[in-house]
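Below you'll find the structure, written out as structure tokens, and then a few comments.
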Amino acid sequence: MALTGQILPELKRIVGTENVLTTPEDLIPYSFDGTAGLRQMPGCVVLAKTTEQVATILKLANDAGIAVVTRGSGTGLSGGSLPSPDCVVLCTVKMDRILELDQANLTMLVEPGVTTLQVAEAASAAGLFYPPDPGSMKISTIGGNVAENSGGLRGLKYGVTRNYVMGMEVVLPNGEVMWTGNRCVKDVAGYSLKDIFIGSEGTLGVITKVLLRLVPKPPAKKTMVATFGQMDQAAEAVSAIIAAQIIPCTLEFLDRTTIHCVEDYAKIGLPLDCEALLLIETDGHPAVVAEEAAQIEKICRDHGCLEVRVAKDEAEAAKLASARRTAFSALARVAPTTILEDATVPRSELARMIRFVEAIAKKYKLKIGTFGHMGDGNLHPTFLTDERNHEEMHRVEEAFKEIFAEAIRLGGTITGEHGVGLAKKSFLPKFAGDAQMRVMRELRRALDPRGVLNPGKIFD
Ligand SMILES: Cc1cc2nc3c(=O)[nH]c(=O)nc-3n(C[C@H](O)[C@H](O)[C@H](O)COP(=O)(O)OP(=O)(O)OC[C@H]3O[C@@H](n4cnc5c(N)ncnc54)[C@H](O)[C@@H]3O)c2cc1C
């Protein structure tokens, strides 16, 4: 339904005129997210500041049957916060307060618009650690992280956002405010409802507060970079590190194309005469870190690595880590359109999957730079293309289909951390199967019978 009649004055009354955007030039920045090729102008954008405002807006929209698309910073890579036509974009970036840091229970209570980096810095200032670190952490919001169940570079050892959410306040589509979860380390009273909202991509409710779990800060860390002449050697070194029961906090890789783009962009001094680069970080007690680092170095050498460079100090460690953190931005400079995917396979299938992506690049005559969370089996084949070239975009789509089919065949998934949104929607039924699709549909219908929250995302 179009945004007509009393809705706009009502929205202005709820949040104030200055927090309702309606002019085309104000709406354009909200008409896309980080996903290439998707654009749609919303009906209006509303910047809410309180839970009460969110609840009133949802009740109003639900009664009027108007679609609401919740949005954090819009860095999503599956089109999750892309507006639907004439919808209200409900942006949470002004709900940006850290409400409490509880040293006794090691928790932090935050509003959804706080950035991941702000959470990490506030935890660190208190001598604590918030591990999830998506590459977008400088700008992505905690609300977006929870709604996507985002991963990051430390996922291998520390897990993903879900592992750090103890509870949340969520506004249901009818405007009802609900708390789920609490500060208790153990709680089995009823269904774990908070887990339904984690990764729900804005389709089941609007998260208005998050209770995060913090952990002690690791006292020591070592960062190293190992380079390999063949991609297979790097993949096998990763398998050997895990098989030796060493779980580094970071085990990331870059392929040749990505290494060259990063070096061109960030001038880190990376070796360019290699096919693959591993960024490895181990953290914990200093003695354990030293021992693990020595073992990792030996394993890399045993697998034919060309060079291992161990950071001498924090500054060098940050520089080496930036090789991975800048990978997406570096690739994005090379072609007008950058499509980043996150096909994920069991770790034992990594080498096979990487070879498959390389073969697909050749078959479809496409340029693909691949990097990713090697330790998690989470690959980011990144297509460097041009959305104006329709014939090439067709080849990109065909290549995707083959890559996802292969990931499923190898026991993997169509998305390890970016979510389904619009981008992966057509692949979900094949991956999830009839029973899961039916349960997901029934769950959504139960919570949002009028279908107002983020319609068309994940599934129709
Ligand atoms: C350079 C770059 C690097 C990235 N690196 C990573 C990475 O390492 N790991 C990773 O997992 N992702 C990564 N991403 C993807 C993206 O940053 C994450 O998905 C992030 O969590 C999105 O946060 P956001 O605030 O931008 O959310 P948005 O993009 O605004 O929204 C994402 C989804 O969450 C929903 N949503 C947002 N806020 C709320 C709320 N309060 N309540 C309910 N639903 C809500 C939206 O409706 C949408 O479906 C990267 C993106 C970029 C551009």
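For the single chain, residues carry numbers from 1 onward in sequence order. Read the numbers this way: they start at 1 and go in the same order the structure lists the ligands and their atoms.
With a 4.0 Å heavy-atom cut-off, ligand 1 is reached by the side chain of Asn454 but not by its N, CA, C or O. At a 4.0 Å heavy-atom cut-off, ligand 1 touches Ile207 through backbone and side chain alike. Contacts between His418 and ligand 1, counted as non-hydrogen atom pairs separated by less than 4.0 Å, involve the side chain only. Proximity of Pro112 to ligand 1, defined as any heavy-atom pair under 4.0 Å, is confined to the side chain (atoms from C-beta onward). Contact annotation for Glu148 and ligand 1: only side-chain heavy atoms (C-beta onward) come within less than 4.0 Å of the ligand.
The nearest heavy-atom contact from the protein to atom 36 (N) of ligand 1 is Ala147 CB, 3.6 Å. Counting only heavy atoms of the protein, atom 6 (C) of ligand 1 lies nearest to Gly135 N, 3.6 Å. Nearest protein neighbour of atom 25 (O) of ligand 1, counting heavy atoms only, is Thr141 OG1, 2.7 Å. Among all non-hydrogen protein atoms, the one lying nearest atom 22 (C) of ligand 1 is Thr75 OG1, 3.3 Å. In terms of protein heavy atoms, atom 43 (C) of ligand 1 is closest to Gly205 O, 3.4 Å. Looking only at protein heavy atoms, the nearest one to atom 40 (C) of ligand 1 is Thr70 CG2, 3.6 Å.
Ligand 1 places these atoms under 4.0 Å from at least one heavy atom of Asn145: 20 (C), 21 (O). Of all atoms in ligand 1, listed by their number and element, those nearer than 4.0 Å to a heavy atom of Arg71 are 30 (O). When each atom of ligand 1 is checked for a heavy atom of Gly80 under 4.0 Å away, the hits are 47 (O), 48 (C), 49 (O).
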Q) Does the side-chain hydrogen bond (donor to acceptor under 3.5 Å, both in side chains) test come out yes or no for Ser31 and Gln40, once each step is laid out? A) CA-CA 5 Å; Ser31 65; Gln40 173 63 55; over 6 Å; no

(Q) Does Asp342 form a side-chain hydrogen bond (donor to acceptor under 3.5 Å, both in side chains) with Thr415? I'd like the steps, not just the answer. (A) CA-CA 5 Å; Asp342 75 330; Thr415 169; 3.1 Å; yes

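Using a distance-only test at 3.5 Å, with no hydrogens or angles considered, a donor-acceptor pair links the side chain of Tyr164 to the main chain of Tyr158.
For atom 27 (O) of ligand 1, the choice among Gly155, Gly144, Gly372 with the nearest heavy atom turns out to be Gly144.
Sorted by first and then second residue, the pairs that involve residues 26-41 and meet salt bridge (charged side-chain N to carboxylate O under 4.0 Å, His left out), not counting sequence neighbours, are Arg39-Glu387.
Aromatic rings from Phe400 and Phe383 are positioned such that their centres are separated by under 6.0 Å.
Sparse packing is recorded around CZ of Arg97, with 12 or fewer heavy atoms of other residues, nucleotides or ligands lying under 6.0 Å away. Environment of CZ in Arg352: sparse, with no more than 12 heavy atoms of neighbouring residues, nucleotides or ligands closer than 6.0 Å.
The shortest N or O to N or O distance between Ser140 and ligand 1 is not under 3.5 Å.
Of the residues listed (Asp376, Asp133, Asp283), the one engaging Lys157 in a salt bridge (Lys or Arg N to Asp or Glu O under 4.0 Å) is Asp283, and it is the only one.
A cation-pi geometry, defined here as NZ or CZ lying under 6.0 Å from the six-membered ring centre and within 45° of its normal, does not hold between Arg154 and Phe129.
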